[in-house]
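Following: one structure in C-alpha cells, then a few remarks.
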Number of protein chains: 2
Amino acid sequence: MISKKCTYALRAVLALARNHGGSPLTIHQIAKAEEIPPRFLEAILRDLKQSGLTDSIRGKDGGYRLCVPPSELSIGEVVRVVEGPWFPSEEENKQDVFLKVWQEADSTLKAVLDQKDFQTLVSEQDALRTDNIINYSI
Amino acid sequence: MISKKCTYALRAVLALARNHGGSPLTIHQIAKAEEIPPRFLEAILRDLKQSGLTDSIRGKDGGYRLCVPPSELSIGEVVRVVEGPWFPSEEENKQDVFLKVWQEADSTLKAVLDQKDFQTLVSEQDALRTDNIINYSI
DNA sequence: TACTATCTCTATTGATTTAGTAGGGTTTGT
DNA sequence: ACAAACCCTACTAAATCAATAGAGATAGTA
C-alpha cells in the first residue's frame, strides 16, 4: 500500500500549488492546514527540495515554494520522489518470465500518475468543496 | 515494492501450472525447484488454497494442484490473494481529490496483471530456457 | 496396527521498514 | 541581539515482512 508519507507529500504539494505565486508557506502553516505531523513534514519537504520540486527560503518570512508551475507538475513526479520502485527491475531479475509484466505494469502506472497535474487537482478540489457547501445548505 | 511472498507465490503457481494434469506436487518439490524456504512456502500455499486457487491432498502421494486450468488463471488473481490493496479506497477517503486517481491506477494495474495467464507464462518460460541453451552453445 | 509421508495450524523470532520525535544547528529580517 | 524560519543527524516505537518451530491431522501401505 502507498505510504502515509506519500499521501502527506501529495497534500503538501497540493497546498503549495494552491498558494503558487503567493508568499512562501511555512512548514507549520502546511502542517496545520493539512493535519500532518510538523517534524515529519519537515523531512518530507526536505526530500522534495533535494529532488528539485520545491525550494525554500530560510529565516524570517521564509518557507517553501514550488519550483515548477502547478500545471507542469504531475502526481507521478511527486510519488516517485517519495515512494521507491513498485516492481522488480531488470538488474535484479534477468531471465525472469515475470519481468516483462512488471515492466508493463510499471509503465502503465507511470502513465496514469503522470496524467494529472496539480493545477487540475486544485480546480477539482475547489469543485469538491463547493459541492459540499451546496449539499450542506440543502 | 512487491513482496518476496508474492514472487514466491507466483513461482509456485507457475510450477503447478507447468505440472497441471500430472500428479500433485509436494511443498518440498516446489520449494527445491524454485528455491523457496519450505516452511514459508507452506504458509503461502495455504493462503492460495483458502482462496480457492489450489487444492491439496494429504498423506502419502499428496501435494498441491491447481484448481483452475492454467489458461484461465492470471497473474493478477494470484497477486491479489497475496498482496493487499495498493491504493486507498473510497471507504477510507471520502472527499479526497486523489481518490479518482487511485481508482484509475488500481483498475489500470488490474487490467495489466489480469492480461497474462499461466499457460502463456509456461510457454514463455520454455522459450527463455531454449534461448539460453542456444546462447551457451555458441 | 504401526509407520511414514504428507498437509495443517498456531505461535514465535529476527530483520526491516514506517511513522514520528528530539535536539541540536544555521540563516535571515528587524 | 532576537526571533522566526529552515537544516541536519540521530533516535525510538510500532508495524510489517520473512522465516522458523513444534505439535497435530490425514492417508496410503506393509
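Remember, predicted model here, so these are calculated numbers, not experimental data. To find a chain, count down the sequence lines: A is the first, B the second, and so on, and within it residues start at 1. The analysis underlying the following values was restricted to heavy atoms, covering all of them including side chains, and did not include hydrogens, waters or symmetry mates.
- Checking D/dA18, C/dA19, D/dC6 against the side-chain heavy atoms of B/Lys4 singles out D/dA18 as nearest.
- Within the 4.0 Å cut-off from OP1 or OP2 of D/dA19, not a single side-chain nitrogen or oxygen of B/Lys5 is found.
- Between B/Leu48 atom CG and C/dC7 atom C1' the separation is 14 Å, expressed in whole Å.
- Distances shorter than 4.0 Å separate some side-chain N or O of B/Ser56 from OP1 or OP2 on C/dT8.
- Here the CD1 atom belonging to A/Ile44 is positioned 9.5 Å from the CZ atom belonging to A/Arg11, to the nearest 0.5 angstrom.
- The nearest heavy atom of DNA chain D to A/Gln50 and to A/Gly59 marks one nucleotide each, and the one closer to the 5' end goes with A/Gly59.
- Side chain A/Arg58 to base C/dT26: a donor-acceptor pair is found below 3.5 Å.
- Rounded to an integer number of Å, the gap from B/Arg65 CZ to C/dT6 P is 15 Å.
- The closest side-chain heavy-atom distance from A/Tyr8 to A/Val82 is not below 4.5 Å.
- Of the two residues contacting DNA chain C, namely B/Leu25 and A/Ala43, the nearest-nucleotide position lying further toward the 5' end is that of B/Leu25.
- A close approach under 4.0 Å does occur between a side-chain nitrogen or oxygen of B/Lys49 and OP1 or OP2 of C/dT8.
- A heavy-atom distance below 4.5 Å is found between the side chains of B/Gln125 and B/Arg18.
- At a threshold of 4.0 Å, the pair A/Glu124-A/Lys116 counts as salt-bridged, since one of the basic side-chain nitrogens sits closer than that to a carboxylate oxygen.
- Rounded to whole Å, the distance from CG on A/Asp61 to C1' on C/dT27 is 13 Å.
- Within 4.0 Å of A/Leu45, counting heavy atoms only, lies no atom of the nucleic acid at all.
- Of the listed nucleotides (C/dT8, D/dC8, C/dC7), D/dC8 has the atom at the smallest distance from the side chain of A/Glu42.
- The separation between A/Asp55 atom CG and C/dT27 atom P is 17 Å, rounded to whole Å.
- Here B/Ile57 lies in heavy-atom contact (under 4.0 Å) with sugar-phosphate atoms only.
- Cluster annotation: A/Leu121 is not connected to B/Leu99 through the hydrophobic network of ILVMFWY side chains, with a link wherever side-chain heavy atoms come within less than 4.5 Å.
- Judged by distance alone, with hydrogens and angles left aside, the side-chain atoms of A/Thr54 form a donor-acceptor pair with the main-chain N or O of A/Lys49 at under 3.5 Å.
- Toward the 5' end of DNA chain D, the nearer of the two residues A/Gly62 and A/Arg39, judged by each one's closest nucleotide, is A/Gly62.
- The shortest distance between the side-chain N/O atoms of A/Tyr8 and the OP1/OP2 oxygens of C/dG20 is below 4.0 Å.
- Going from atom CZ of A/Phe40 over to atom P of D/dA14 covers 16 Å, rounded to whole Å.
- In this structure, A/Met1 places its CE atom 16 Å from P of D/dA15, rounding to the nearest Å.
- Across the protein-nucleic acid pair, A/Ile44 atom CD1 and D/dC7 atom P stand 14 Å apart, rounded to whole Å.
- Applying the 4.0 Å criterion to OP1 and OP2 of C/dT6, one finds that B/Tyr64 has every side-chain N and O outside that range.
- Atom CD1 in A/Ile36 sits about 16 Å away from atom C1' in C/dT18, given to the nearest Å.
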